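The block underneath contains the structure these notes are about, expressed in structure tokens.
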Protein chains: 2
Amino acid sequence: MERVKSLRVDGQRNRERIVAAASELVARDGAQASLEEIARRAGVGSATLHRHFPTRQALLEVVFRDGVAQLCAMASAQPGRNPAAELAAWLEEVTVYTATHRGLAAALLAGPEGLSPEELCCTDMLLEVLTGLVARASSAGAIHAGATAEDLLRLANAIAVANEQDAPTARRVLRLALLGIRP
Amino acid sequence: MERVKSLRVDGQRNRERIVAAASELVARDGAQASLEEIARRAGVGSATLHRHFPTRQALLEVVFRDGVAQLCAMASAQPGRNPAAELAAWLEEVTVYTATHRGLAAALLAGPEGLSPEELCCTDMLLEVLTGLVARASSAGAIHAGATAEDLLRLANAIAVANEQDAPTARRVLRLALLGIRP
DNA sequence: ACCTGAACACCGTTCAAGT
DNA sequence: ACCTGAACACCGTTCAAGT
């Protein structure tokens, strides 16, 4: 959980409470969780929530940032075997994680609107890792040229958002998509 | 536009007006279009809308039924060339159509809850066609066994819902998914 | 049988007033 | 600087009263 130095102590504490309350309620209700209820549970006025997070997406980005960072760290920690298999395995982990954590896929699709520009958004973190994996696999001739990092992330996000709360299906459909339909 | 014989003439007319208003507003605002506003534009009370369509999904199903039926008709009208290419081409058309018509992908993912059971829902119409195409391609050995009609529709819907209003991207990502990542 | 309008319990956003 | 509570303009759902 990061600090925002420029805030007064009470502002700092409110911000942390809002993020904690949002984490609980987004996990329960998904990306559409009531902002009113989040403010209520955090013990702040609704106007305070809006000052700290000008848009719903800005709040969601902060809620999910730590988890996504962990996911990104897992990629580099993997052994360097077949680069196409490595790419596929990490994309599968991302898809399962995203399908499992309610609201995350929707947040990734909606983009980081309203996030303060110096902060790295979740999509950018994922894209950075994925670009590296795609480059390695590509220069090893292990994937074809049409498979870009951007489209692969779009594909994974699409499958996750359509299969929120159903990780086995999300994983199976992603595998199908990475494999294609030819025999 | 189908008739519902069991309705009084005024009920019949109200139902048609509701569907017409819903078509306009869903095209403009997507699947989350305000039911209140739909009722207002149709010139009926909101309670009347709820009586005719107990859930939002039931209304969406009726709004999109004709278009989906046309899509299904196009499949059988195609020449019988390479069965895998035929399957891919139709799935691409479905994806582009779904990505282009706001609210349709969300309606397909949400399912037909609240629709009167004797009516065929959009998903069932699409699955029937797709099952035929998959069977033909499969028995010709043109696709692998893991590619089921259900998962392929899930895949197409996922890509469409994540790329609503961006048909070129939806088409490109679907092609990537049908091709896979291998060189 | 079917419709209407009002009632109920919610929303998100903004703004004046406070400390 | 930051917070609060109230105000505003919306929602979806349900129900008593009408024709």
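All values reported here derive from a predicted model rather than from experimental measurement. Every chain is numbered from 1 and lettered A, B, ... according to where its sequence line falls, protein lines coming before strand lines.
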Inset, instruction - Could you tell me whether the side chain of B:Ser46 reaches within less than 4.5 Å of the side chain of B:Thr48, counting heavy atoms only? - result: no
Legend entry - Nearest-angstrom distance from the residue atom CZ of A:Arg51 to P of C:dG18: 17 Å
Inset, instruction - Starting at the 5' end of DNA chain C, write a dot or bracket for each base, bracketing those in Watson-Crick or G-U wobble pairs whose two distances are under 3.5 Å and using | for partners on another strand. - result: ||.|||||...|||||.||
Inset, instruction - To the nearest Å, give me how far apart CZ (A:Arg15) and C1' (D:dA1) are. - result: 16 Å
Inset, instruction - Answer whether the closest heavy-atom distance between the side chains of A:Glu37 and A:Asp29 falls below 4.5 Å. - result: yes
Inset, instruction - For the residue pair A:Leu49 and A:Asn14, establish whether any side-chain heavy-atom pair is separated by less than 4.5 Å. - result: no
Legend entry - Min side-chain heavy-atom separation B:Arg15-B:Val62 under 4.5 Å: yes
Legend entry - Backbone of B:Ala33 reached by a side-chain donor or acceptor of B:Arg56 within 3.5 Å: yes
Legend entry - Interatomic distance, A:Arg13 CZ vs D:dC3 C1' [rounded to whole Å]: 13 Å
Legend entry - Any side-chain heavy-atom pair of A:Leu155 and A:Leu91 under 4.5 Å: no
Inset, instruction - State, yes or no, whether a side-chain contact exists between A:Arg154 and A:Asp151 at a heavy-atom distance under 4.5 Å. - result: yes
Inset, instruction - Starting at atom CD of A:Gln12, determine the distance to atom C1' of D:dA1, rounded to an integer number of angstrom. - result: 14 Å
Inset, instruction - Summarise protein proximity over nucleotides 6-17 of chain D in one line of letters, 5' to 3': B for base, S for sugar-phosphate only, - for none, counting protein heavy atoms closer than 4.0 Å. - result: B----SBBBB--
Inset, instruction - Using atom NE2 of B:His52 as one end and atom C1' of C:dC3 as the other, report the distance to the nearest whole Å. - result: 9 Å
Legend entry - Any B:Asn14 side-chain N or O less than 4.0 Å from OP1/OP2 of C:dC2: no
Inset, instruction - Decide yes or no for B:Leu35 and B:Phe53: does some side-chain heavy atom of the first lie under 4.5 Å from some side-chain heavy atom of the second? - result: no
